[in-house]
Amino acid sequence: MERYGYGPLRAEDAAEAADIEQQLFSRPWTKQNFLESLQQPDTIYLAAWENESGVLAGYCGCYQALDEGNITNVAVRPSMQRQGIARNLMLRMLQSGRQRGIQNFVLEVRISNHSACSLYQSLGFQNVGVRKNFYTAPTEDAYIMVLQC
């Protein structure tokens, strides 16, 4: 049996997603941010749950504008990282987006987040530029990465 199951992020997962955000990010999304995003027809949110416990392992979000998808967040619970969850979520996100007509995906990533940069590059994303001071707490530049389908 697979250790993790995948599917759409549900409203009842919003509090757990916000908890993961608190553990990972300096400017975390709130439960309300997730609930509002889940109600939008132009968003895709996928999640991974540990099958045995039902615990939310991670999630990935994308905002669609015409044929472009902006990956808004990718997060995996710290205790469950390095198990391929983020890769599986991203692969599923790319597939779901393509099925909805997305031809280009864009994301920003902290320059210092080497593991995320490596993951995105391994999925075919290319670094096309830098957004100066994109992140705060601490202030840091972001790579702009694009995948053209």
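When reading the values below, keep in mind they use all heavy atoms of this one structure, side chains included, and skip hydrogens, waters and symmetry mates.
- Without hydrogens or angle criteria, Arg77 side chain to Leu56 main chain gives a donor-acceptor distance under 3.5 Å.
- Side chains of Phe105 and Cys62 form a contact here, defined as non-hydrogen atoms less than 4.5 Å apart.
- To the nearest 0.5 Å, atom CG of residue Leu9 and atom CD of residue Glu12 are 8.5 Å apart.
- Grouping the Ile, Leu, Val, Met, Phe, Trp and Tyr side chains by contacts below 4.5 angstrom, directly or via other members, places Val74 with Leu123.
- Counting only heavy atoms from C-beta outward, the side chains of Ile85 and Tyr6 approach each other to under 4.5 Å.
- For Asp19 (side chain) and Glu16 (main-chain N/O), no donor-acceptor pair under 3.5 Å exists by modelled atom type.
- Closest non-hydrogen pair, Phe25 versus Ala75, comes out as CE1-CB, 3.9 Å.
- The distance from the OG atom of Ser122 to the CZ atom of Arg87 is 3.5 Å, given to the nearest 0.5 Å.
- Between the side chain of Glu108 and the backbone N or O of Phe134, no donor-acceptor pair lies under 3.5 Å.
- Two residues are said to be in side-chain contact when any heavy atoms from C-beta on lie closer than 4.5 Å; Leu119 and Cys117 fail this criterion.
- Residues Asn88 and Tyr4 bring no donor and acceptor atom of their side chains to less than 3.5 Å of each other.
- With sequence neighbours excluded, no residue forms a salt bridge (Lys or Arg N to Asp or Glu O under 4.0 Å) with Glu21.
- Taking the six-membered ring where tryptophan is involved, the planes of Trp29 and Phe34 are tilted, since the angle between them lies from 30° to 60°.
- Shown here for Ile102 and Gly69, the closest heavy-atom pair between the two residues is CG2-N, 3.5 Å.
- Annotation for Ser96 and Leu46: closest pair OG-CD1, 4.1 Å, computed over non-hydrogen atoms.
- At distances below 3.5 Å, not a single donor-acceptor pair connects side-chain atoms of Asn33 with backbone N or O atoms of Leu35.
- In this structure, CE in Met93 is found 5.5 Å from CD1 in Ile71, a value given to the nearest 0.5 Å.
- Shown here is Gln40, whose CD atom has more than 12 heavy atoms of other residues, nucleotides or ligands within 6.0 Å.
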Legend entry - Derivation of the side chain to side chain contact (heavy atoms under 4.5 Å, CB included) call for Leu24 and Gln81: CA-CA 11 Å; Leu24 296 175; Gln81 291 179 357; 3.5 Å; yes

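- Not a single donor-acceptor pair under 3.5 Å links the side chain of Gln95 to the backbone N or O of Gly97.
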Please list, one pair per line, the donor and acceptor atoms closer than 3.5 Å that link side chains of residues 138-146 to other protein atoms, with sequence neighbours excluded.
| from | atom 1 | to | atom 2 | distance (Å) |
| --- | --- | --- | --- | --- |
| Glu140 | OE1 | Arg110 | NH1 | 3.0 |
| Glu140 | OE1 | Ser112 | OG | 3.1 |
| Glu140 | OE2 | Ile111 | N | 3.4 |
| Glu140 | OE2 | Ser112 | N | 2.7 |
| Glu140 | OE2 | Ser112 | OG | 2.8 |
| Asp141 | OD1 | Asn133 | N | 2.8 |
| Asp141 | OD2 | Lys132 | NZ | 3.3 |

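- The line from CG of Asp42 to OG of Ser37 is 9.0 Å long, rounded to the nearest 0.5 Å.
- Among residues at least two apart or in separate chains, side chain to side chain donor-acceptor pair (under 3.5 Å) pairs with a member in residues 65-75 are Tyr45-Thr72.
- Residue Asn51 comes nearest to Gly5 through the heavy atom pair OD1-N, 3.3 Å, listed as atom of the first residue, atom of the second, then distance.
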Inset, instruction - Kindly determine whether Phe125 and Val109 satisfy side chain to side chain contact (heavy atoms under 4.5 Å, CB included), including the steps that lead there. - result: CA-CA 11 Å; Phe125 282 82; Val109 60; over 6 Å; no

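- A continuous path of hydrophobic side-chain contacts links Leu107 to Val130 [ILVMFWY only; heavy atoms under 4.5 Å].
- Taken from SG in Cys60 to CG in Leu91, the straight-line distance is 10.0 Å, to the nearest 0.5 Å.
- Atoms CD and OG, on Gln23 and Ser79 in that order, are 7.5 Å from each other to the nearest 0.5 Å.
- Pairing each heavy atom of Leu89 with each of Tyr59, the nearest pair is CD1-N, 3.5 Å.
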